[in-house]
Amino acid sequence: MSASYDPHVVEKSVQEAWDEAGAFRAGESGAGEKFYCLAMFPYPSGQLHMGHVRCYTLGDVINRYHRLKGYNVMQPMGWDAFGLPAENAAIKNGIPPASWTRDNIDYMRGQMQSLGFGIDWSREFATCDPEYYHWEQWFFIRLYEKGLVYRKSSMVNWDPVDQTVLANEQVVDGRGWRSGAPVERREMPQWFLKITDYADELLDELDRLEGWPESVKSMQRNWIGRSEGIDIDFPVSGSQDPLTVYTTRPDTLLGSTYVAVAAEHPLARRAAERNPAVAAFVDKCRNMKTAEAEVATLEKEGVPTDLSVTHPLTGDPVPVWVANFVLMEYGSGAVMSVPGHDQRDWEFARKYGIPIRQVIEPTGDGACDLAEAAYTDYGRLVNSGAYDGMSSAEAFEAIASDLAAKGLGRRRTNYRLRDWGVSRQRYWGCPIPMIHCDACGIVPVPDDDLPVLLPTDVKFEGVRSPLTTMESFYKVKCPGCGGDARRETDTFDTFMESSWYYARFASPDANRPMVDERVDYWTPVDHYVGGIEHAILHLLYARFYHKLMRDHGLVHSDEPFTRLLMLGMVLKDGRKMSKSSGDVGDPQALLDKYGADAVRTAMMFAAPPDQSFEWSEAGVEGQGRFCKRLWNLVHEHLEGGEVPALDPAGLSDAGRALRRKTHETIARADDDYGRRLMFNTVVSAVHELCNAVSRTEPGNDQDRAAVREALKTALLVLSPIAPHVTQALWQDLGESSLLVACRWPAVDDAALVQDSVELVVQVNGKVRGRLQVAQDADEAELRELALANDNVVRFVAGKTVRKVITVPGKLINIVVG
RNA sequence: GCCCGGGUGGCGAAAUUGGUAGACGCGCCAGACUCAAAAUCUGGUUCUGGAAACAGAGUGUCGGUUCGAUUCCGACCCCGGGCACCA
């Protein structure tokens, strides 16, 4: 190596050495326990942004640390290649989505390679590869056969100009994000996966995911939203069918003074037929409902109907209202309203002059004034006949069983989670392998005809999916009757591809559907790294998919990701850097200027992984400076010539102090890498060790051996973060091995022993002096020394010593009064 | 409203089991080298007072436990994130 540090020369040559050695090829027969290290694969948007750099550097640090610890590590990389931006580029610039995507992948792969990520590129794939989505289609058909897939009409946001369905987040102020046209609520048939069948398991197993951050588990619990309650039937006069409501508070049943139904509820429709005011309100509700976000801000409104139902306990008539806040999709689309004990019902009752009845009173000193607000806490029952005096919990049980005995109530668990709608009316996605036949209905594509290839030779006319007008695609014969049929032209939600890619990496070329036995070796993923923005959807879908694959005998674990690291966001000027905001922090300029090691080290040093932070170039410059210092330190040391084998007995005090620092660094960094995931403090620890080397004046040859040991330790410990410069200097120190094939150094406990320590002397908890004492000094001796200290004397003089507390190796606190 | 995080110098942060608050870095200041600048090196850098020794204050606010609290407990304030007419 040359005498001065040039990161670009160093990085290129080290990367070539890794390639030649096949350093990151992972096999199932490697020595050591397996370790599957995965960072969320990127959408190939064009170029890496700072968020990517952070994510993949963290993944690579974990990868390289575990290699040093002797694990057989696999770190793959691929591309989440289907999605809307490719279509937008096609519409705007006329570039076909497939070639746009492939070009982006090539560029971004090059960027990743120049960052020195230790990836097994032999496992690479893109989700738009037919060899990949083939098995997604195959598995979808298996799920269909098992009844876990169904097709149902559902409300969507329809853009009448772009002729497409929009996701909720693409509706801005009730208008399409691209066309600006008012979005319509439209009912369209969609494919669904029955994720609600797995809601209980998805929720309960969160408690066992000890390697997941609490925040993510909490978000998922929230999203699944399990509640325990009962369905209560209110008989309807003149009808066989009762009105069923769902409630979690049956203890308040006697306080119900009206029931409210959603505008889409059958009872509302019946009332609308007879009453024009109700009909007008139902119509209004249909048009109002656009984006989900707007529904929440809507003012509570309703109309009375001339219908009434019978209270299941008292037999009294209860009026039926149609209200805009009742959701048809949750529970049964109807609620029993208890204005005394539900704030929303209270507001509605006040607005329309409906009676408010108290049936719960506080047991403690809780305030309860129904003229001001509803009392929503649990308490003791009043005005409830036989149930008076019971606690809410007792009344829940009593009322539930009384209703059950009458045949008017059933316990029910409800979820906020809805089934997963996977249809997208778009082109650049995986074709849904289904055929519509007038005679046979829905017919899955036979396995032998898979994959259903997405045509790549397409022309966009407007924004509509070209598949809908492409006869060669949709015109097919029915596999059942052989008659004319139509192929499904919708494609899958791209979350489908990202829900099982981690399993495919284990056997990327498997032709045995859809993974092979290698998946049992590698899965579950031991450490998964990714952005907090995927805390709910992607991670929930992937957990669901893993259970689907398990129940099909494809994998043999319950959860896909054992340990999870959720990254904070990389900000610039207080804004998040992401592809959607169009504010792309460009790492390429920094790479060109400072090199990969400086960028990687700065990224790790800036903040702990789970914290968001503001990006600054000054940090990269600083770490580039550090790389250069490290380089100079090693080369200055080499100028002193060869060193003898280390014999601790021959060290001077300075040499012994340096050696202690070396071994403290090993112990600290090990804990920071492995347990705490605090890579910022690993960098600090190496800085400190290098500072100690700079300050050490070697007194003899043994001291120089201690310097050599310190430098080699610094290189090894830093190598997961700055792999190039450390590798080059490792060689300069005469080592022929690749650092990635080395083992983490052992801590020499003997090096940590100090024969003299500095103790702090406090008087009443305030530091008043310091003592240099022998490690084994006894308490009486310490007390005497402490009380003799000049500054301590000033604060103790004229006072009585009440107590002396000694913490061995740390401090002495003299309590006076 | 509910559920998670978090609040420490000019800035990013550290303090792992209740034991020296501010490690490490950025920035800034001073000095060395230089005709000069850049680069590099050395020293300083929480605030207030002081030449210094040292003293006083200090980890969002108020209170508690303790010989001792950034750390534990209680109440509150603020910031970030998630969910939200979910019955």
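Order of the sequence lines fixes the chain letters, A, B, ..., with proteins taken first and strands second; residue numbering starts at 1 for each chain. The figures here come from the full heavy-atom set of this structure, side chains too, leaving out hydrogens, waters and symmetry mates.
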(request) Decide whether A/Ser227 and A/Asn414 meet the rule of one side-chain donor and one side-chain acceptor closer than 3.5 Å. (result) no
Nearest to the side chain of [X] - [options]?
| X | options | answer |
| --- | --- | --- |
| A/Lys810 | B/U20, B/G19, B/A87 | B/G19 |
| A/Arg675 | B/G5, B/G19, B/U16 | B/U16 |
| A/Phe325 | B/C85, B/G19, B/G5 | B/C85 |
| A/Asn222 | B/A55, B/C3, B/U16 | B/C3 |
| A/Phe605 | B/C24, B/A13, B/C83 | B/C24 |
| A/Arg676 | B/C24, B/A13, B/A15 | B/A15 |

Just call it for [X]: base, sugar-phosphate, or nothing, with non-hydrogen atoms closer than 4.0 Å on any strand.
| X | value |
| --- | --- |
| A/Asn691 | sugar-phosphate |
| A/Asn680 | sugar-phosphate |
| A/Arg668 | base |
| A/Asn414 | nothing |
| A/Gln623 | sugar-phosphate |
| A/Lys766 | sugar-phosphate |
| A/Phe795 | sugar-phosphate |
| A/Ile536 | sugar-phosphate |
| A/Val335 | base |

What's the [atom1]-[atom2] distance between [X] and [N], to the nearest Å?
| X | N | atom1 | atom2 | result |
| --- | --- | --- | --- | --- |
| A/Arg226 | B/C86 | CZ | C1' | 15 Å |
| A/Leu417 | B/A84 | CG | P | 12 Å |
| A/Asp251 | B/A87 | CG | C1' | 13 Å |
| A/Phe679 | B/G12 | CZ | C1' | 18 Å |
| A/Ile721 | B/C24 | CD1 | C1' | 13 Å |
| A/Leu811 | B/A21 | CG | C1' | 14 Å |
| A/Glu664 | B/A23 | CD | C1' | 13 Å |
| A/Met219 | B/G81 | CE | C1' | 6 Å |

Which heavy atom of [X] sits nearest a heavy atom of [Y], and at what distance?
| X | Y | value |
| --- | --- | --- |
| A/Asp251 | A/Ala395 | CB-CB, 3.8 Å |
| A/Ser694 | A/Arg629 | OG-NH2, 3.5 Å |
| A/Gln343 | A/Ala373 | OE1-CB, 3.7 Å |
| A/Gln220 | A/Trp212 | NE2-CZ3, 4.1 Å |

Please determine, for [N], whether a Watson-Crick or G-U wobble partner exists with both distances under 3.5 Å, and give it or none.
| N | result |
| --- | --- |
| B/A13 | none |
| B/G50 | none |
| B/C76 | B/G60 |
| B/C28 | B/G44 |
| B/A36 | none |
| B/C85 | none |

(request) Could you check A/Glu758 against A/Pro608 and say which one's nearest nucleotide on RNA chain B is further toward the 5' end? (result) A/Pro608
(message) Both A/His687 and A/Ala334 contact RNA chain B. Which one's nearest nucleotide lies toward the 5' end?
(response) A/His687
[N] and [M]: how far apart are their [atom1] atoms, nearest whole angstrom?
| N | M | atom1 | answer |
| --- | --- | --- | --- |
| B/G7 | B/G58 | C1' | 15 Å |
| B/C29 | B/C47 | P | 15 Å |
| B/U16 | B/G64 | C1' | 26 Å |
| B/U8 | B/G74 | P | 22 Å |
| B/C3 | B/A84 | C1' | 11 Å |
| B/U65 | B/U71 | C1' | 14 Å |
| B/A53 | B/U61 | P | 29 Å |
| B/G44 | B/G10 | C1' | 16 Å |

Whether [X] contacts [N] is assessed here as follows: a side-chain N or O lying under 4.0 Å from the phosphate OP1 or OP2. Is that the case?
| X | N | answer |
| --- | --- | --- |
| A/Arg768 | B/A55 | yes |
| A/Tyr246 | B/A87 | no |
| A/Arg802 | B/C67 | no |
| A/Gln611 | B/A13 | yes |
| A/Asn813 | B/U20 | no |
| A/Arg695 | B/U42 | no |

Indicate yes or no: does [X] engage [Y] in a salt bridge with an N to O separation below 4.0 Å.
| X | Y | value |
| --- | --- | --- |
| A/Arg208 | A/Glu205 | yes |
| A/Asp207 | A/Arg221 | yes |
| A/Arg410 | A/Asp233 | yes |

(message) Is there a side-chain contact between A/Asp610 and A/Met566 in this structure, where contact means two heavy atoms from C-beta onward sitting under 4.5 Å apart?
(response) no
(request) For the pair A/Phe679 and A/Asp672, evaluate side chain to side chain contact (heavy atoms under 4.5 Å, CB included) and give the outcome as yes or no after the intermediate values. (result) CA-CA 6 Å; A/Phe679 308 141; A/Asp672 285 351; 5.9 Å; no
[N] base / [X] side chain donor-acceptor hit below 3.5 Å:
| X | N | answer |
| --- | --- | --- |
| A/Arg629 | B/C41 | no |
| A/Lys803 | B/C67 | no |
| A/Ser684 | B/A23 | yes |
| A/Arg625 | B/U40 | no |

